[in-house]
Peer 1: 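Encoded as C-alpha cells, here's the structure I'll be asking about.
Here the structure is a predicted model, which means the values were calculated and not measured.
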Amino acid sequence: GVASNADCTIVLCPPATKRQLHRTHSEWKPYFQMPKGLHIFSYDKVSRDPGILPRTIGNAKQVMLACDEVHSLANAGSARTMRVRRFLDENPHVMFCGLSGTITSKSLHQMSHLFQWALGDKSPLPMPESDYLAAWANVCDVKGRPGNIDWHMTERLVVWGKGAPLGSFGNTEGKQH
C-alpha cells in the first residue's frame, strides 16, 4: 500500500495467519512507514460476507488489494474467487497484488486470472477462458495432453523456448531484428 500510495490497503490471508499479520504490523509500525487505511481479513471472512470488500474501500481513490497465499484464489470457479473477481471488475481503480511461494502446482488455468488481475493486458499468460490458454495448458502443464492444434497455437512459445530471439517472431525472411 505504501509503494502504491494507496489510501486504503486490504490484505486477504488464510485464517491461520491473520493474527500474526496484525501482531507484525503493530510491532513494526514504530520503525517503518505502514500503509494508510490497513484492513486485514481472512479469506473465510470474504466467503461469508459478500459486501466486506466494497464496504471497506468506501470512497477511497487509491486502493491496494494484497492477497497473501494467493493460491487460495486459484480456483476461478469458486465462490470466493468469483467474489474477488466481481469486486475487481466493479472497482477498476483497485490495484491487485498476489503473494505466494506456490502459486500453482497443477495448471496454468489456476493462475492466468491472477496474472490478469495484477498485470492486466501486460500479463505474459493468455487471457482466462481463451483457446490460447487451453493450448498453453495442454503444452505446459505436467498432465497436459497436447494435440496438433495445441502445438500450432503455441508455436511461438516453443520457438522462444528453444532460444530464438523475440524479435525473430513473424519475420518471414529469416532476418534478425
Side-chain angles (χ1 to χ4, degrees), residues 1-130 132-134 136-137 140-143 157:
V2 172
S4 64
N5 201 27
D7 48 344
C8 176
T9 301
I10 301 171
V11 176
L12 298 183
C13 63
T17 62
K18 183 178 177 224
R19 181 173 283 140
Q20 179 60 43
L21 285 174
H22 277 292
R23 193 169 28 248
T24 300
H25 178 263
S26 295
E27 289 172 10
W28 290 95
K29 190 174 183 174
Y31 308 105
F32 293 96
Q33 186 177 357
M34 293 293 188
K36 295 180 262 180
L38 179 65
H39 306 273
I40 302 172
F41 301 120
S42 70
Y43 286 111
D44 291 352
K45 176 76 172 171
V46 173
S47 295
R48 289 189 316 270
D49 184 350
I52 190 74
L53 297 176
R55 279 195 317 273
T56 300
I57 67 168
N59 294 324
K61 301 289 183 227
Q62 288 280 95
V63 180
M64 170 61 74
L65 176 62
C67 296
D68 187 25
E69 304 297 343
V70 75
H71 53 268
S72 298
L73 299 173
N75 181 352
S78 75
R80 172 188 304 155
T81 303
M82 290 191 300
R83 188 163 290 145
V84 171
R85 174 178 293 183
R86 192 169 31 257
F87 170 72
L88 292 169
D89 287 346
E90 292 171 358
N91 298 281
H93 66 289
V94 174
M95 297 168 282
F96 177 83
C97 177
L99 308 164
S100 180
T102 52
I103 195 166
T104 185
S105 61
K106 295 181 180 161
S107 176
L108 295 178
H109 288 284
Q110 293 180 321
M111 60 186 195
S112 68
H113 61 285
L114 303 172
F115 276 63
Q116 181 190 20
W117 294 350
L119 303 172
D121 64 357
K122 304 285 190 269
S123 173
L125 296 178
M127 299 297 279
E129 312 303 325
S130 73
Y132 282 100
L133 178 61
W136 278 42
C140 297
D141 289 356
V142 171
K143 293 185 179 182
L157 177 65

Peer 1: Below 4.5 Å, heavy atoms only, C-beta onward: do Leu119 and Pro124 meet side chain to side chain?
Peer 2: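 Of all side-chain heavy-atom pairs linking Pro124 with Leu119, at least one is under 4.5 Å.
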
Peer 1: Which residues pass the ring-ring contact (aromatic ring centres under 6.0 Å, His included) test with Tyr31, sequence neighbours left out?
Peer 2: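 Once residues adjacent in sequence are excluded, Tyr31 has no partner under the ring-ring contact (aromatic ring centres under 6.0 Å, His included) criterion.
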
Peer 1: Restricting to pairs with a member in residues 104-115, which pass salt bridge (charged side-chain N to carboxylate O under 4.0 Å, His left out), not counting sequence neighbours?
Peer 2: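 Sorted pair list comes back empty.
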
Peer 1: Can you tell me how far apart CD (Gln62) and OG1 (Thr9) are? Round to the nearest 0.5 Å.
Peer 2: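 OG1 of Thr9 is found 10.0 Å from CD of Gln62.
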
Peer 1: Could you check whether any side-chain heavy atom of Pro128 comes within less than 4.5 Å of a side-chain heavy atom of Gln116, counting everything from C-beta outward?
Peer 2: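 Yes - at least one pair of side-chain heavy atoms lies under 4.5 Å apart.
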
Peer 1: Arg19: which residues meet the salt bridge (charged side-chain N to carboxylate O under 4.0 Å, His left out) condition with it, sequence neighbours left out?
Peer 2: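 Counting only residues at least two positions away or on another chain, Arg19 forms no salt bridge (charged side-chain N to carboxylate O under 4.0 Å, His left out).
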
Peer 1: Restricting to side chain to side chain contact (heavy atoms under 4.5 Å, CB included), what partner residues turn up for Pro92, sequence neighbours left out?
Peer 2: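 In terms of side chain to side chain contact (heavy atoms under 4.5 Å, CB included), with neighbours along the sequence ignored, Pro92 is linked to no residue.
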
Peer 1: Applying ring pair (Phe, Tyr, Trp, His ring centres under 6.0 Å), which residue pairs with at least one partner in residues 78-102 are found, sequence neighbours left out?
Peer 2: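 Listed by first then second residue: Phe96-Trp117.
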
Peer 1: My understanding is that only residues two or more places apart in sequence, or in another chain, count here; which of them pass side chain to side chain donor-acceptor pair (under 3.5 Å) with Ser78?
Peer 2: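 Residues passing side chain to side chain donor-acceptor pair (under 3.5 Å) with Ser78: Thr81.
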
Peer 1: Please round to the nearest 0.5 Å and tell me the distance separating atom CG of Leu108 and atom CG of Asp141.
Peer 2: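 Reported value, rounded in 0.5 Å steps: 5.0 Å.
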
Peer 1: Return the set of residues passing salt bridge (charged side-chain N to carboxylate O under 4.0 Å, His left out) with Asp49 (not counting sequence neighbours), or none when no residue passes.
Peer 2: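 Asp49: salt bridge (charged side-chain N to carboxylate O under 4.0 Å, His left out) contacts with Arg55.
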
Peer 1: Are more than 12 heavy atoms from other residues, nucleotides or ligands located less than 6.0 Å from atom CZ of Phe41?
Peer 2: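 Count over threshold, so yes.
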
Peer 1: Classify the side-chain pair His39/Thr56 by whether it contains a donor and acceptor separated by less than 3.5 Å.
Peer 2: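 Note: His39 and Thr56 side chains miss the donor-acceptor criterion.
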
Peer 1: My understanding is that only residues two or more places apart in sequence, or in another chain, count here; which of them pass side chain to side chain donor-acceptor pair (under 3.5 Å) with Gln20?
Peer 2: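 So Gln20 forms a side chain to side chain donor-acceptor pair (under 3.5 Å) with Arg23, Thr24.
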
Peer 1: Compare every heavy atom of Met82 with every heavy atom of Ala76, then report the nearest pair and how far apart it is.
Peer 2: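 Looking at all heavy atoms of both residues, the closest pair is O-CG, 3.5 Å.
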
Peer 1: Got a second to check how far Met111's CE is from Leu125's CG, nearest 0.5 Å?
Peer 2: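 Taking CE in Met111 and CG in Leu125, the distance rounds to 5.0 Å.
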
Peer 1: Check Cys8 against Ala60 and note the closest heavy-atom contact, atom names and distance.
Peer 2: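 Result for this residue pair: CB-CB, 3.7 Å.
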
Peer 1: Only pairs at least two apart or in different chains count here, so list each salt bridge (charged side-chain N to carboxylate O under 4.0 Å, His left out) that has a residue in residues 58-86.
Peer 2: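 Residue pairs passing salt bridge (charged side-chain N to carboxylate O under 4.0 Å, His left out), neighbours aside: Asp44-Arg80.
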
Peer 1: Residues two or more places apart in sequence or in another chain: which of them pass side chain to side chain donor-acceptor pair (under 3.5 Å) with Ser130?
Peer 2: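 By the side chain to side chain donor-acceptor pair (under 3.5 Å) rule, Ser130 matches no residue at all.
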
Peer 1: So, for Val63 and Asp7, which heavy atoms are closest and what is the spacing to 0.1 Å?
Peer 2: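 Heavy atoms of Val63 and Asp7 come nearest at N-OD1, 4.4 Å.
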
Peer 1: Partners of Ser72 by side chain to side chain donor-acceptor pair (under 3.5 Å), sequence neighbours excluded?
Peer 2: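 Not a single residue meets the side chain to side chain donor-acceptor pair (under 3.5 Å) criterion with Ser72.
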
Peer 1: CG/Leu12 to CG/Leu99 distance, rounded to the nearest 0.5 angstrom?
Peer 2: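 Interatomic distance, Leu12 CG to Leu99 CG, rounded to 0.5 Å: 10.5 Å.
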
Peer 1: Do Leu65 and Val84 come close enough that some side-chain heavy atom pair is under 4.5 Å?
Peer 2: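 Yes. Closest side-chain heavy atoms under 4.5 Å.
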
Peer 1: For the backbone of Gly77 and the side chain of Asn75, can you confirm whether one donor and one acceptor N or O come within less than 3.5 Å of each other?
Peer 2: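 Yes: the side chain of Asn75 pairs with the backbone of Gly77.
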
